[in-house]
Amino acid sequence: QVQLVESGGGKVQAGGSLRLSCAASEPTFSSYTIAWFRQAPGKERDFVAAINWNDDSTDYADSVKDRFTISRDNTKNTVYLQMNGLKPEDTAVYYCAARLLAIIRASSTLYHYWGRGTQVTVSS
């Protein structure tokens, strides 16, 4: 059972930045895809970004391209989401998820393990 723990959420004004972290209990994420999703109140859980642990390829939702960056640290078994230029519409609970295949997909149903989420609130 893979355990994922998110951290780094908080409150920030529009235009500000936050960096989320996702730490995993597994000794390695080799052959995994690690993704960030977000869910605003009353809305569905949406794909934000993902990284293929094997080849470092990434993918982003159109709404966050050029503002968010996903990256990984092999030594710490941690994935980061650097969020710049935050907007009020980015307000949501952000979840880290792991897929047991190194193929990036945007559907939340294809991810096997989930963290509990971290709240990000952006004020105008």
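Counting begins at 1 with the first residue of the sequence. Just so it is clear, the model here is predicted, and its values are computed rather than measured.
Inter-residue side-chain proximity for T33 and W53 is flagged as unmet; no heavy-atom pair is nearer than 4.5 Å. Proximity of W36 to V79: side-chain heavy atoms (C-beta onward) are separated by under 4.5 Å at one or more points. Between L18 and Q82 there is no side-chain heavy-atom pair separated by less than 4.5 Å. Between L86 and F68 the shortest side-chain heavy-atom distance falls below 4.5 Å. Side chains of T78 and Y80 form a contact here, defined as non-hydrogen atoms less than 4.5 Å apart. Taking the side chain as every heavy atom from C-beta outward, W114 and C96 never approach each other to under 4.5 Å.
One hydrophobic cluster holds both I51 and L100 under the rule that ILVMFWY side chains link at heavy-atom gaps under 4.5 Å. Side-chain heavy atoms closer than 4.5 Å link hydrophobic residues (I, L, V, M, F, W, Y) into clusters, and following such links, even through other members, never connects V2 to Y95. Hydrophobic clustering (side-chain heavy atoms under 4.5 Å, transitive across Ile, Leu, Val, Met, Phe, Trp, Tyr) keeps I70 apart from V93.
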Validation: residues 117-124 side-chain donor-acceptor distances under 3.5 Å, sequence neighbours left out:
from, atom 1, to, atom 2, distance (Å)
T118, OG1, G9, N, 3.2
Q119, NE2, A92, O, 3.4
Q119, NE2, T121, OG1, 3.4

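Rounding to the nearest 0.5 Å gives a distance of 13.5 Å between CD of E44 and CZ of R38. With rounding to the nearest 0.5 angstrom, the CG atom of L101 is 10.0 Å from the CG atom of N52. Summarising the geometry, atom CG belonging to L81 is positioned 13.0 Å from atom CD1 belonging to I34; distances are rounded to the nearest 0.5 Å.
Pairing each heavy atom of A98 with each of L4, the nearest pair is N-CD1, 3.7 Å. Pairing each heavy atom of Q39 with each of K43, the nearest pair is NE2-O, 3.1 Å. Contact detail for R99 and H112: the closest heavy-atom pair is CA-ND1, 3.6 Å. Residues A102 and N54 approach most closely at CB-ND2, 3.6 Å, considering heavy atoms.
Every residue two or more places apart in sequence or in another chain was checked for a ring-ring contact (aromatic ring centres under 6.0 Å, His included) with Y60, and none qualifies.
Residue D66 places its CG atom among 12 or fewer non-hydrogen atoms of other residues, nucleotides or ligands, all under 6.0 Å distant.
Each side-chain hydrogen bond (donor to acceptor under 3.5 Å, both in side chains) pair with one or both residues in residues 3-24, not counting sequence neighbours, appears once here: S17-N84.
Under the 6.0 Å cut-off for aromatic ring centres, F37 and F47 qualify, their centroids lying closer than that.
Using a cutoff of 4.0 Å between basic side-chain nitrogens and carboxylate oxygens, K87 and D90 are not scored as salt-bridged.
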